[in-house]
2 protein chains.
Amino acid sequence: MFSKACEYGIRASIFIAEQSLLDCKVSLKDVADAIESPAAYTSKILQKLSKSKLINSDKGPTGGFSMDKTQLEQVKLSTIVYAIDGEAIYNGCGLGLKNCNASKPCPVHDQFKVIREELKKMLESTLVKTLAVDLEKGLTFLKR
Amino acid sequence: MFSKACEYGIRASIFIAEQSLLDCKVSLKDVADAIESPAAYTSKILQKLSKSKLINSDKGPTGGFSMDKTQLEQVKLSTIVYAIDGEAIYNGCGLGLKNCNASKPCPVHDQFKVIREELKKMLESTLVKTLAVDLEKGLTFLKR
DNA sequence: CTAATAATGGATAAATTTATCCATTATTTA
DNA sequence: TAAATAATGGATAAATTTATCCATTATTAG
Ligand code: FES
Ligand code: FES
């Protein structure tokens with residue numbers, strides 16, 4: 001469904017959000033440990049999220065990654081997915097034709113459209129912060 | 001969503017189904033031309049579908065790929081996807097944890113489950129033959 | 001039986017994605 | 001100001017996916 005990079009990105013964001021709700025900054029290592037991901041690769045992904053202003057990053061001692069109030073209120077799953085995987089998931093054709101196009105539809109266009117719209121709606125209506133709250137409550141898990 | 005191989009596989013199947021409904025066998029080249037895919041790569045995919053008994057293939061002159069009555073009645077999108085991409089799409093975790101597991105759910109488990117179930121239902125309720133009929137009518141397209 | 005045809009299978013190659021390494025930069029504390 | 005810390009950026013490397021090439025096998029028609 002999503003690329004590995006995107007999966008890591010979502011998991012990392014949820015962890016950072018959780019810790020930010022507890023007023024804690026986290027280091028790259030914290031993140032990699034929490035989501036069980038390769039640190040260096042995760043670093044690249046966090047850089048991308050940071051450049052897209054979805055998370056903050058600070059250098060030096062006391063540095064680390066965090067999300068501020070505004071980010072916590074605004075960053076949705078869709079924001080993350082878009083920043084990492086781009087818009088392919090929204091307007092890509094399910095059978096790989098370039099661009100889904102209703103006026104020259106592929107054989108599964110009608111069926112796919114429904115699913116894709118559901119997915120889109122879901123991603124757009126889910127705040128990372130909300131997921132972080134459940135994580136903090138111990139209801140969900142970032143690794144296994 | 002699906003791998004390129006799976007996209008080619010679905011498009012190829014629909015084309016073969018369409019031609020089989022018209023009682024025509026098609027060669028590898030016919031398929032690759034019809035779906036605008038690299039022939040040699042497509043060949044590998046068709047071999048896989050053939051070994052899974054989803055399509056027939058015959059060597060020699062008058063050979064080619066085809067689907068018989070039974071295959072046309074039985075092969076669904078889900079059959080193709082399963083043969084090529086495996087079951088990952090059905091029981092894989094949306095965030096990449098190994099196996100979706102409701103008793104130790106990832107943060108998006110509930111949301112994802114809904115989407116995945118929709119997708120599954122859609123794939124399982126769509127016969128390749130049905131898609132082939134619309135293609136034959138000129139209502140849908142395999143390339144663009 | 002021969003020649004032509006078309007799929008098959010194995011070996012590679014190219015491209016993309018995922019992952020690692022390390023020197024550099026910015027920041028903080030002592 | 002020096003030392004320690006943590007992210008950054010660039011260069012590679014490994015792994016996976018996608019794609020190509022070619023010799024072989026099976027089949028058909030002449
Ligand atoms: S054209 Fe293929 S999904 Fe719309
Ligand atoms: S555990 Fe992640 S989708 Fe079910």
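Values below: every heavy atom of this structure, side chains too, minus hydrogens, waters and symmetry copies. Please read all numbers here as calculations on a predicted model, not as lab measurements. The sequence lines fix the lettering, A, B, ..., with proteins before strands; numbering per chain opens at 1.
Regarding B:Asp85, its CG atom lies at a distance of 9 Å from the P atom of D:dT17, rounded to whole Å. A:Tyr41 has its OH atom 10 Å from the C1' atom of C:dT16, to the nearest Å. Going from atom NZ of A:Lys29 over to atom P of D:dA4 covers 20 Å, rounded to whole Å. The distance between atom CD1 of B:Ile45 and atom P of D:dT17, rounded to the nearest whole Å, is 13 Å. Here the P atom of nucleotide C:dT18 and the CG atom of A:Leu46 are 15 Å apart, to the nearest Å. We find that CG of A:Asp30 is positioned 13 Å from C1' of D:dT5, with the value rounded to whole Å. Protein atom CD of B:Glu7 is 13 Å distant from nucleotide atom C1' of D:dT17, rounded to whole Å. Taking atom CD on B:Glu36 and atom C1' on D:dA19, their separation rounds to 16 Å, with Å as the unit.
Side-chain polar atoms of A:Ser3 and A:Asp85 form a donor-acceptor pair below 3.5 angstrom.
If you take OH on A:Tyr41 and NZ on A:Lys44, they are separated by 11.0 Å, rounding to the nearest 0.5 Å. Put simply, CD on B:Glu118 and CD on A:Glu117 are 12.5 Å apart, with the number rounded to the nearest 0.5 Å. Rounded to the nearest 0.5 Å, atoms CD (A:Glu136) and CD (A:Gln19) are 8.5 Å apart. Atom CG in A:Asp68 sits 5.0 Å away from atom CG in A:Asn56 (nearest 0.5 Å).
Partner assigned to C:dT16 is D:dA15, using Watson-Crick or G-U wobble distances below 3.5 angstrom. Nucleotide D:dC22 is matched to C:dG9 when pairs are restricted to Watson-Crick or G-U wobble geometry with both distances under 3.5 angstrom.
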What string of B, S and - do you get for nucleotides 24-30 of chain D, 5' to 3', if B is base contact, S is sugar-phosphate-only contact and - is no contact with any protein heavy atom under 4.0 Å?
-BBBBS-
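Using a cutoff of 4.0 Å between basic side-chain nitrogens and carboxylate oxygens, B:Glu7 and B:Lys4 are scored as salt-bridged.
Residue A:Val31 is classed as having no contact, given no heavy-atom separation below 4.0 Å to the nucleic acid.
Residue B:Gln47 has no polar side-chain atom (N or O) positioned under 4.0 Å from OP1 or OP2 of C:dA7. B:Lys44 has no side-chain polar atom (N or O) that falls below the 4.0 Å cut-off from OP1 or OP2 of C:dA11. When the side-chain nitrogen and oxygen atoms of A:Tyr8 are compared with OP1 and OP2 of C:dT18, none of them lie within a distance under 4.0 Å. The phosphate of D:dG9 has OP1 or OP2 within less than 4.0 Å of a side-chain N or O from A:Lys51.
Taking the six-membered ring where tryptophan is involved, the planes of B:Tyr90 and B:Tyr82 are essentially parallel, since the angle between them stays under 30° and well short of 60°.
Within 6.0 Å of NZ on A:Lys53 lie no more than 12 heavy atoms contributed by other residues, nucleotides or ligands.
Between A:Ser37 and B:Val26, it is B:Val26 whose nearest contact on DNA chain C lies nearer the 5' terminus.
Closest contact between the side chain of B:Pro38 and the listed nucleotides D:dT18, D:dA7, D:dA19 involves D:dA19. Closest approach to the B:Lys4 side chain among D:dA19, C:dT18, D:dA7 is made by D:dA19 (side chain taken as heavy atoms from C-beta onward).
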